[in-house]
Amino acid sequence: MTELTWEGKYDEQGRRVAPLRVTLPFQTIETVNESAQQRQRTLDLFSAGRDSDWRNRLIWGDKKYVLPSLLDEFAGKVNLIYIDPPFNVGADFSFTATIPDDPDTDDDETTSFLKEPSVIEQKAYRDTWGRGMDSYLQWFYETVVMLRELLADDGSIYVHLDWHVVHYAKALMDEIFGTDCFHSEVVWKRADSHNDAHTYGAVHDTILFYSKTDRPIFIPQYVPLSQKTVDSWYRHKEPETGRHYNLGNLVSPHPRPNLTYEYKGIKPPPNGWRISRERMEEYDRKGLLVIVGKTQPTLKVKQYLDESRGRQVTDWWDDISQLRGYSTNQDERINYSTQKPEALLERIIKASSNENDLVLDCFCGSGTTPTVAEKLNRRWIACDLGRFAIHTTRKRLLSIENVRPFVVQNLGKYERQAWQKEAFSGQPSAVDNPQRAYVEFILQLYHARPISGYVWLHGVNRGRMVHVGAVDAPVSVGDVTNIVTEFKKSIGKGKDSPATNGVDILGWDFAFEINEVARQQAAQANVNARFFRIPRDVMDKKAVEQGDIRFFELAALSVDVKKSKRDVTLTLADFVIPPDDVPQDIQKAIKHWSQWIDYWAVDWDNKGDTFHNEWQTYRTRKSPELQKSVTHSYEAPGEYRIMVKVIDILGNDTTKMLKVEVK
């Protein structure tokens, strides 16, 4: 067959460039909506070495790492894939962040601003479009190859695109899946007619429907008949019941010698009947047969309007409207730019999967696919690179009544370990000490000068000492203790000894109590400790070369705790977010600390395993007010670890741990 080629499809030796296949373990960073009983059952199964119950999965990460990491567990097991990948050269990862009303005023005005994409999102954009169509085709090819491997034999994939790239994608899908496994090119009329001075107005998207084999699950879908069709077809009416009906043809369109029989004096048509004598007798007993015609009478069957399933859906979908303020589906709108209507996904999921089947969307965006899959009792895996997309999807899922427990995952330290090995193992300076090469790399990005002779202190920046955390472990309170101890011992001990009482502690992850316990511990020793998160962007070579790396200080959360017997009440008291990532004019719009908060959740009895979302509250378009207090009643006395997680309006999370004793 004819092959579509592009620069990068083959290497210099003429070999096909294979997709990256780095398999990494997933880390569960949050379990949502799991009861205490379900949680205990999971722990019991884990301790017994048995598989735990299924949990739907919301995964934050780059699909080039996520998809190969899913293959070990899910190759050949996914029943339906829907993807709505980027298909517009001007598309990016920016989103509109909304600042809620100031609770201390009567002002109902909200402020919005465009949040520019993070550097890691810019990297994904460059990977996709950096060399124009050539890099897009390589990116699309690598994605679809792995998606095909994930599909079950009866599985299907729907690829949602528009006029920019759909013709290229069709050629690629034919190559990967085969033309025999192409089923439909669905045209979705997503917009109303509009004028364009230079061409025809673009009003539709295209959805390509392929399958793993030529025998996929497919359940025809139906839409109600138009009034014109009803008036034309169902013009007959039973006087006694008032039921409208159509007269269906019983004549076979093709010769059927075995169905050539006379019935009630009516001679068979030349080709015979459509149905057997037994079926004809059944229709007769039910009073459904009607004799029509006088000179050449024949038989027809009553088909009632109230029993009609409607018209079978074709490949032209003009009955599902886009999301807009005045449409019937406006309640779905969450102001996410690429959001698709639930009716669109409902049709696809119902047509190509059964209940409890597994549905995958690796560009989940606003979360329409997992939301509809959840409502239709399908299992689901949803992935996205954007932190804001993951937060938006989590909120949307939690709005579903009786949503089943699900987990939020990423590749965490394993992705960083893979990057560290690849980035530093081949460098001459890393031969003797690859860990030191990594530390010096981070220090350089932080504009700090490396120092020697210390274990816990690695550099100095503007008189402040600097510690660089490891890629595979969070900075703990114990680490801070060691940093402070070494800091105190080093005062006045040489040219690299501390010039101020400040230490900047850089880390990928931090222990939950770090901002309170560790900071207070350092302050007691007269050490001013600041904590900065090492951004994922340092793993992007292009971002490093362009000087786009920025380190942001951790936000600080204050929570008041009140106890009354076995009741514990938590009240948000303050939230301080370093506003480096927010435009100056937007910072001025923040009049009260609570305006930074979009969502918060509580794990009332943390076991040290992962954050379990047992209660949450959040702002919505309909309910923009944020609940700031919650009370929980414990069934038994004891000491409990409470974890509070706050998500700010930019999608970043801050976690705080509290210890309470109830009697």
Side-chain angles (χ1 to χ4, degrees), residues 16-26 28 51 54-86 124 128 138-161 169 172-178 180-183 207-218 345 348-349 351-365 367-370 372-374 376 378-385 390 393 406-411 414-415:
R16 179 74 60 85
V17 176
L20 178 71
R21 291 180 181 269
V22 177
T23 301
L24 304 170
F26 290 101
T28 296
D51 291 336
W54 168 261
R55 290 287 181 268
N56 292 320
R57 300 163 78 160
L58 179 59
I59 303 172
W60 176 40
D62 192 331
K63 60 88 191 162
K64 76 176 182 181
Y65 293 117
V66 170
L67 292 182
S69 299
L70 287 171
L71 281 172
D72 278 352
E73 186 176 355
F74 295 105
K77 296 180 180 179
V78 178
N79 304 101
L80 171 63
I81 297 172
Y82 167 85
I83 58 171
D84 179 17
T128 308
Q138 183 66 29
W139 173 89
F140 184 81
Y141 171 81
E142 293 175 353
T143 301
V144 174
V145 163
M146 282 185 281
L147 290 176
R148 186 183 184 279
E149 293 182 40
L150 287 165
L151 275 179
D153 287 343
D154 62 357
S156 301
I157 180 171
Y158 289 73
V159 182
H160 190 142
L161 298 163
L172 268 180
M173 296 289 288
D174 283 343
E175 178 181 337
I176 296 167
F177 283 85
D180 291 344
C181 292
F182 169 69
H183 298 282
I207 305 173
L208 302 176
F209 167 29
Y210 283 78
S211 62
K212 179 78 168 282
T213 66
D214 58 358
R215 296 179 302 280
I217 297 170
F218 187 74
L345 271 298
I348 291 170
I349 291 172
S352 291
S353 69
N354 296 302
E355 286 198 18
N356 205 42
D357 279 352
L358 181 57
V359 178
L360 168 66
D361 183 349
C362 58
F363 304 93
C364 72
T368 301
T369 301
V372 177
E374 177 70 25
L376 295 177
R378 270 65 167 177
R379 295 175 298 136
W380 53 265
I381 300 172
C383 322
D384 204 281
L385 175 67
I390 295 299
T393 300
F406 63 93
V407 296
V408 182
Q409 297 181 313
N410 63 19
L411 295 169
Y414 302 110
E415 182 179 359

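These numbers were taken from a predicted model, which means no experiment stands behind them.
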So CG of L58 and OG1 of T393: to nearest 0.5 Å the spacing works out to 5.5 Å

Sequence neighbours excluded, the answer for salt bridge (Lys or Arg N to Asp or Glu O under 4.0 Å) partners of R57 is E73

Here the pair of heavy atoms bringing E374 nearest to N56 is OE1-ND2, 3.4 Å

_With side-chain contact (heavy atoms from CB on, under 4.5 Å) as the criterion, how do D361 and W380 come out once you've worked through the C-alpha distance, each side chain's angles and the decisive distance to 0.1 Å?_
CA-CA 8 Å; D361 183 349; W380 53 265; over 6 Å; no

Which is it for M146 and K63 under the side-chain contact (heavy atoms from CB on, under 4.5 Å) test, yes or no, and what are the steps along the way? CA-CA 10 Å; M146 282 185 281; K63 60 88 191 162; 5.7 Å; no

Correct closest heavy-atom pair for I83 and L147 would be CD1-CD1, 4.0 Å

CZ (R215) and CG (D153) are apart, to the nearest 0.5 Å, by 8.0 Å

Distance col, row D174:CG vs D180:CG, nearest 0.5 angstrom, shows 10.0 Å

Notebook entry, point to check: Is there a side-chain contact (heavy atoms from CB on, under 4.5 Å) between K212 and D154 once you walk through the steps?
Noted result: CA-CA 7 Å; K212 179 78 168 282; D154 62 357; over 6 Å; no

Kindly say whether D357 contributes a backbone atom to a donor-acceptor pair with the side chain of R378 at under 3.5 angstrom? no

Minimal heavy-atom distance between M173 and V144, with the atoms involved, is SD-CG1, 3.6 Å

Only one of Y210, F209, F218 passes ring pair (Phe, Tyr, Trp, His ring centres under 6.0 Å) with Y158, and that residue is F209

How about L358 and W54: do any of their side-chain heavy atoms sit closer than 4.5 Å? yes

In short, C383 meets I381 closest at the heavy-atom pair SG-CG2, 4.1 Å

Does the side chain of V372 reach to within under 4.5 Å of the side chain of I348, using non-hydrogen atoms? no

Residues at least two apart in sequence or cross-chain that pass ring pair (Phe, Tyr, Trp, His ring centres under 6.0 Å) with Y141, listed by chain then number, are W6

Nearest heavy-atom contact between L71 and R21 is CD1-NH1, 3.4 Å

Nearest heavy-atom approach of H160 to P85 is O-CD, 3.5 Å

Exercise for review: Give the C-alpha distance, both sets of side-chain angles, the deciding distance and a yes or no for side-chain contact (heavy atoms from CB on, under 4.5 Å) between I59 and L70.
Suggested key: CA-CA 11 Å; I59 303 172; L70 287 171; 4.1 Å; yes

With S352 as partner, the option from V359, L80, N79 fulfilling side-chain contact (heavy atoms from CB on, under 4.5 Å) is L80

Note to self: With heavy-atom distances below 4.5 Å as the criterion, would you say the side chains of C364 and D384 are in contact?
What the structure shows: yes

**Item:** I217 side chain near S156 side chain, heavy-atom distance below 4.5 Å
**Value:** no

query = With a 4.5 Å heavy-atom cut-off, do R55 and T28 have their side chains touching?
reply = no

- Is there side-chain contact between L411 and S69, with at least one heavy-atom pair below 4.5 Å? yes

Between I157 and the options L151, L360, L150, L208, the side-chain contact (heavy atoms from CB on, under 4.5 Å) test singles out L151

ask   = With side chains defined as the heavy atoms from C-beta onward, is the minimum distance between C362 and V66 less than 4.5 Å?
value = no

